[in-house]
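Worksheet: one structure, shown below.
Below, read A as the first sequence line, B as the second, and so on, with proteins coming before strands; counting in each chain starts at 1.
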Amino acid sequence: MSELFLIFEMNGYGFFIWSAYGVWFVLLILLFLKVLLRKKEINRKLKYLIEKNDGFEE
Amino acid sequence: MLRKLHKYANPNKFSLIIMPIKNVCLYTALPLIAIGLIIGLFFSPPDYQQGETVRIMYIHVSSAWISLFAYVLIFLLSVFYLIWKFPLFVLMAKEIPFVAIIFTLITLITGSLWGKPTWGTYWVWDARLTSFLILLFIYLGLIFIDKAFKYNVNGDLSFSYLSIIGAINIPIIKFSVDWWNTLHQPASVIRASGPSINIEMLIPLMIMSTGVLLLFFYLIFTNIQSAIAEKKILFLSSKD
Amino acid sequence: MNNLFYIILKKDFKDNLLSNKAWFTISFFLLCLIIFPLAFGSSQYLELNVSISAIWISTLFANLIALDHMYKEDYNDGTLLYYIVNKVPLVIVVYAKCLSHWLFSGLPIILIAPLCSYIFSGYSENNLNLFISLILATPIFTLIGSPIAALMLGSSLRGAALTFITLPFYLPIIIFGVMGTNINNSNINAEFYLLLAILSIGIIFFPMITVKILKSIIN
Amino acid sequence: MKKKLSLTVTKLTCKRNSISIFNPLSFKVSEGQMLIIKGKNGRGKTTLIHCLAGLLSYQGLVKWKGVEGKIGYIGHKFGLKEYETVYDFIKFWKAVYDSKVSIDEVVEFFSLFNVLFSPIAFLSFGQKKKLTFVRLYFFNNNVWLLDEPFSGMDDNNRELIVNMIESHISNKGMVVLSTHEKGRILNIKNTKELVIE
């Protein structure tokens, strides 16, 4: 248990290192979600429009 | 040559071509990032000067490279668009700023978190930090000009010309640490006389950078596909 | 060629005077300056640093505000279109416009700034530095602004967007300018050489790119 | 030896937002001829004239032969400054074109005595439109592209412009003119008509 704590403490610099990695992770996840949600939304719209235009191709 | 290129410049075809590349990017990026994280956090040695805080480098430097590389990409795509007038180029270039701005933000935030234990402050107004902040604002400007010209024919041209004007900032950022004696340490990996960094730190840095670069490409390609689909939607809904 | 430059410059100069936008920039500069002593709440002299930054900030904003109507009127009433169809060399038009813009938004500020600095801080030893760095920096403001003003012409929210987009490009200039004005800076020539380098590259590069933008954006 | 003036257009289309504005056009106009482009609003008359003037990028071929100097052009926008006086306007364009024509001659031809020193803001729409023709008068260009030259003009001014066009054509010039009016608008020989659907 204390060993694990040592790893997380990082010689007293734990706060900076872990918050940096935390920020990195959170921002990347948010970006990922934004990109994927946009794709989903657009595909939904496109599907609807293609159905309305009875199988539009090119 | 040009005619051959023209065949692939068809948006629909391009969308199909990048589909497999995109997936390959994602499925190599995730393991690479995981490996890089594990090595970087637990197995790489601490620096003899900076101690454990050097572990922030693996995310800080890789995102800094990406943010600069993204601008170079935008610049090249804009120049190609202005030379050959394929709308696909500018469509690709327009999708980059949003992704790049997140990486720039990551660079700035992790950089200031790295700066507190090593320099004693979160932020100094030195050359590199300031020029990176300016890069952030230039990305914001690019996004803004894209939004301002949403339904205007001149939007593509304005975007590409602005990105060319903004490219002046890139050499300033790259060489700012060499030209001025500032707090920020000089470049230690990409320089003429070879890297000056310890090999045990270089390996996780390289793994991490490759992983993040591939992730960046995945995000860009997905955005490009969405943009192409958006164009299609606009075309379909204006048809009748 | 020289003759045409002179004709267009004269017309632009006249336009500036007749449309009453000539006095706008310098009035804005002075008004902006007055804010600083008021905001610092001191009835005495400002500190030297504060007065120098006040002058640079006012210069920056006065230039930003003036940028909006650099090409706007000629674009809206179609004069640019007639220039292009009639094959009047646009390079000359752009250089003439930049020069007349600088004459109204740069030159008055250069002349008046050392006096302002003295009035505000009661200190006149840095006036020469301020004068030189303003002479070098204000043409760069005009030159950088000109392509951006040109490429925002078609946009609907021109004024606000123009200010936002141009500001980051002005920041390096203001950094070097303030560094060059600082009298405690031992390496002061370096900043002047740097500004001079940017000016001499910019005086070719930015008008050229403005011509390209105007040609492609006109329709 | 002077080349004979001619304009050949083959399969001209213009795209905006990847939708072509008019169907491919082919026509030919030669020296001493006038082309009248007819069509309803929004059919691309202005776009066609911009393509001919080289303002827009297009697909197809537009071939000019024997054009002397610059192309004369009248568009929807007048290129007039509200605060300028008429005299300053005339003087400026005389200087730009480096023209030999004297200012008195222009003032007499367009009968601008009364308004010569008043700001352009005081002029009526028709007078402003007339003033744009001063540019054509100054420069001896043999091709004129006129976009809706008669809209908003009274009969006197209209007659003036028609006379101008007539004398220009008889001087071996060429005129391309667009209008939305129906029927025969000018009694000039050598007229071709092009209707854009």
Side-chain angles (χ1 to χ4, degrees), chain C residues 1-24 69-97 100-101 104 150 153-156 211-219, chain D residues 14-16 21 44 46-58 67-85 87-99 119-121 128-129 131-136 138-141 143-147:
Chain C
M1 220 58 164
N2 281 332
N3 196 22
L4 195 59
F5 178 78
Y6 175 68
I7 292 162
I8 291 173
L9 181 66
K10 207 170 104 188
K11 171 168 164 105
D12 227 54
F13 202 81
K14 243 183 196 167
D15 282 354
N16 269 304
L17 286 174
L18 284 173
S19 63
N20 288 328
K21 60 189 181 190
W23 315 116
F24 182 65
H69 42 235
M70 201 164 172
Y71 300 105
K72 188 172 92 181
E73 280 162 17
D74 277 8
Y75 175 79
N76 283 347
D77 66 20
T79 309
L80 275 175
L81 198 68
Y82 285 102
Y83 283 149
I84 290 176
V85 179
N86 291 321
K87 300 213 168 56
V88 176
L90 271 188
V91 186
I92 290 176
V93 176
V94 168
Y95 272 110
K97 283 213 165 279
S100 78
H101 183 262
F104 283 108
L153 280 176
S155 164
S156 48
V211 170
K212 284 258 172 201
I213 291 169
L214 284 178
K215 262 188 190 156
S216 54
I217 235 159
I218 197 72
N219 34 69
Chain D
C14 185
K15 280 183 178 175
R16 185 162 281 196
I21 294 171
T46 305
T47 314
L48 176 58
I49 286 200
H50 280 192
C51 284
L52 295 181
L55 288 170
L56 281 172
S57 58
Y58 48 79
V67 178
E68 271 173 22
K70 296 143 187 175
I71 291 174
Y73 169 78
I74 300 287
H76 288 296
K77 290 177 174 174
F78 296 154
L80 304 172
K81 297 265 187 299
E82 296 275 289
Y83 36 76
E84 220 177 16
T85 60
Y87 179 76
D88 281 343
F89 171 78
I90 295 173
K91 205 176 142 196
F92 172 70
W93 283 97
K94 177 178 153 62
V96 167
Y97 284 142
D98 205 6
S99 175
I120 287 174
K128 281 180 192 169
K129 188 122 205 178
L131 214 52
T132 58
F133 282 88
V134 169
R135 291 198 192 91
L136 295 187
F138 269 133
F139 198 72
N140 193 19
N141 29 25
V143 180
W144 288 359
L145 302 176
L146 313 178
D147 197 357

Qualifying salt bridge (Lys or Arg N to Asp or Glu O under 4.0 Å) pairs, either residue in residues 7-18 of chain C, two or more places apart: C/Lys11-D/Glu84, C/Asp12-C/Lys97, C/Lys14-D/Asp88
Pairs of heavy atoms under 4.5 Å with chain C: top-ranked of D/Gly54, D/Gly75, D/Ala53: D/Gly75
Most contacts with chain C, counted as non-hydrogen pairs under 4.5 angstrom, among D/Leu80, D/Thr47, D/Leu145: D/Leu80
Option in C/Leu80, C/Asp74, C/Val88, C/Ile84 with maximal non-hydrogen atom pairs under 4.5 Å from chain D: C/Asp74
4.5 Å side-chain heavy-atom contact, C/Thr79 and D/Lys77: no
Which atom of D/Tyr97 lies closest to which atom of D/Phe138, heavy atoms considered: CD1-CB, 3.8 Å
C/Phe104 and C/Trp23 aromatic ring geometry - parallel, tilted or perpendicular at 30°/60° bounds: perpendicular
